[in-house]
Amino acid sequence: MIERNLIYAPNKQLLLNPNNIGLDFEDVRINTSDGLSLHGWYIPGPNKLTLVWFHGNSGNISTRLDSIGDVRKNLGYNIFIFDYRGYGLSSGDTSEEGTYSDSDAVMSYLLSSKDLEPSQTVLWGHSLGCAIATRVATKYPIRTLILQSGFTSIPAMSSHKYPFLPGIGLLTRILFKTKYDILSKLGSVQVPILVIHGDQDSVVPHFMGETIFSHARSPKRFYSVKGAGHNDIHVTGGSDYYKVLYDFIENPRKT
């Protein structure tokens, strides 16, 4: 419980839904292999591609509506965003393995119920969601993987957050079950990767984005957003940000 409370900060109450920002959506329920119910939103768009959104460690899908609205407006892709177990209207308690099981259930649903082709699927991870999206990318031949504001691992984040505690990273690695070690998974990702990081991120340091990029296989791209922090990249980056996204998604293997 202590470990879970240190890593996850879920909010069970949905504040708004896509209708509140003028978007049509489908309310979706998905059953996991261990008997839980996940809640998500499918937001259709005019573009044939679908963006599967893996959010960070706090809030729930309703606290991402600002970002969702901007992405939908600027890129026009279908969007599927869901809450991990323990977040929003999804049942259960959150854990690393649980979030991986959740992502398996989501992909199974999208590939069957929505007739989604992996080649038409873009995985988008933010912060903690980067580790979950990366793990999914090792299992499916999706179109692209986008990792925004991602950290390298929970132990590495512990060392960064508590530098005054010698050995905290090693202690976390030994005592915590939760690792979310992106670097150990990147070697198995065979699809194009775009790494995005704000150069003023005070939550996850910019060098972690650079480290993720250095461990990723080609084809890959790195986009550093000048002046952006952890949660405001879509605002600070403005039109240039969306141009980078669109160019990468539409032409992922361009060098």
Side-chain angles (χ1 to χ4, degrees), residues 8-137 139-146 148 249:
Y8 307 107
N11 188 328
K12 298 296 291 182
Q13 182 181 7
L14 296 189
L15 306 175
L16 299 168
N17 66 54
N19 280 167
N20 296 115
I21 59 171
L23 294 176
D24 293 330
F25 76 103
E26 177 186 348
D27 211 50
V28 176
R29 289 285 186 173
I30 299 172
N31 294 323
T32 66
S33 60
D34 54 347
L36 298 179
S37 174
L38 305 179
H39 175 250
W41 293 328
Y42 180 78
I43 303 167
N47 194 301
K48 62 183 178 180
L49 301 180
T50 297
L51 191 155
V52 185
W53 197 305
F54 300 83
H55 66 67
N57 75 316
S58 65
N60 57 48
I61 57 177
S62 74
T63 59
R64 272 77 190 179
L65 279 173
D66 179 56
S67 299
I68 290 170
D70 272 7
V71 170
R72 173 64 174 73
K73 175 184 176 182
N74 285 279
L75 298 178
Y77 300 126
N78 307 308
I79 297 173
F80 184 77
I81 186 169
F82 70 102
D83 271 324
Y84 315 122
R85 58 187 65 198
Y87 285 75
L89 303 182
S90 296
S91 61
D93 293 321
T94 319
S95 67
E96 181 175 4
E97 288 304 316
T99 58
Y100 294 154
S101 294
D102 296 343
S103 64
D104 288 340
V106 163
M107 292 302 295
S108 177
Y109 166 80
L110 291 174
L111 294 173
S112 58
S113 299
K114 292 297 182 185
D115 295 324
L116 192 67
E117 294 291 334
S119 62
Q120 304 292 319
T121 304
V122 176
L123 303 183
W124 179 313
H126 177 258
S127 196
L128 176 113
C130 291
I132 304 168
T134 299
R135 189 256 188 187
V136 174
K139 301 182 67 177
Y140 298 91
I142 48 93
R143 183 181 184 87
T144 59
L145 172 64
I146 299 172
Q148 182 167 303
I249 294 171

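Note that CG of L49 and CD of E117 are 12.0 Å apart. Values are rounded to the nearest 0.5 Å. In this structure, the separation between CD on Q120 and CG on N47 is 8.5 Å, given to the nearest 0.5 Å. In this structure, OG1 on T63 lies 7.5 Å from CG on L15, to the nearest 0.5 angstrom. The line from OH of Y77 to CG of L51 is 8.5 Å long, rounded to the nearest 0.5 Å. Atoms OG and CG, from S91 and L38 in turn, are 7.0 Å apart once rounded to the nearest 0.5 Å. The structure places OG of S119 at 15.0 Å from OH of Y140, a figure rounded to the nearest 0.5 Å.
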Pairs under 3.5 angstrom only: tabulate donor-acceptor contacts from the side chains of residues 124-132 to other protein residues two or more places apart or in another chain.
{"from": "H126", "atom 1": "NE2", "to": "H230", "atom 2": "O", "distance (Å)": "3.0"}
{"from": "S127", "atom 1": "OG", "to": "H230", "atom 2": "NE2", "distance (Å)": "3.1"}

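For the pair D34 and R85, the salt-bridge criterion is met [side-chain N within less than 4.0 Å of a carboxylate O].
Residues satisfying the salt bridge (Lys or Arg N to Asp or Glu O under 4.0 Å) criterion with D104, sequence neighbours excluded, are R135, K139.
Contact annotation: the side chain of Y42 never approaches that of I81 to less than 4.5 Å [non-hydrogen atoms, C-beta and beyond]. Looking only at side-chain heavy atoms (C-beta outward), I142 and V122 stay at 4.5 Å or farther from each other. In this structure, the side chains of P118 and L111 come closer than 4.5 Å at one or more pairs of heavy atoms. When side chains are defined from C-beta on, F54 counts as touching L123, because their heavy atoms get closer than 4.5 Å.
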Applying side chain to side chain contact (heavy atoms under 4.5 Å, CB included) to H39 and D27, what does each step give before you reach the verdict? CA-CA 8 Å; H39 175 250; D27 211 50; 2.7 Å; yes
How far apart are the C-alpha atoms of V28 and Y109, what are their side-chain angles, what is the distance that settles it, and do they pass the side chain to side chain contact (heavy atoms under 4.5 Å, CB included) test? CA-CA 10 Å; V28 176; Y109 166 80; 3.6 Å; yes
Yes or no on side chain to side chain contact (heavy atoms under 4.5 Å, CB included) for N31 and R29, after CA distance, side-chain angles and deciding distance? CA-CA 7 Å; N31 294 323; R29 289 285 186 173; 6.0 Å; no
L110/T121 under side chain to side chain contact (heavy atoms under 4.5 Å, CB included): CA gap, chis, key distance, verdict: CA-CA 10 Å; L110 291 174; T121 304; 5.9 Å; no
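Between I61 and D83, the shortest heavy-atom contact is N-OD1, 3.0 Å. The heavy-atom pair separating I21 from L65 by the smallest distance is CD1-O, 3.5 Å. Minimum heavy-atom separation, L23 to G69: CD1-CA, 4.3 Å. The two atoms that bring S95 and Y8 nearest to each other are C-OH, 3.2 Å, heavy atoms only. Nearest heavy atoms, P10 versus G86: CB-O, 3.4 Å.
Side-chain rings of Y87 and H55 approach one another, their centers coming within less than 6.0 Å.
Within 6.0 Å of atom NZ in K73, 12 or fewer heavy atoms from other residues, nucleotides or ligands are found, so the atom counts as exposed in its surroundings.
Between the side chains of W41 and N17, not a single donor N or O lies within less than 3.5 Å of an accepting N or O. A side-chain donor-acceptor contact under 3.5 Å links N78 and T50.
Judged by distance alone, the side chain of T32 and the main-chain N or O of D102 form no donor-acceptor pair under 3.5 Å. Not one N or O on the side chain of N20 forms a donor-acceptor pair closer than 3.5 Å with the backbone of L16. Distance alone, capped at 3.5 Å, is enough to place a donor-acceptor pair between the N60 side chain and the Q13 backbone.
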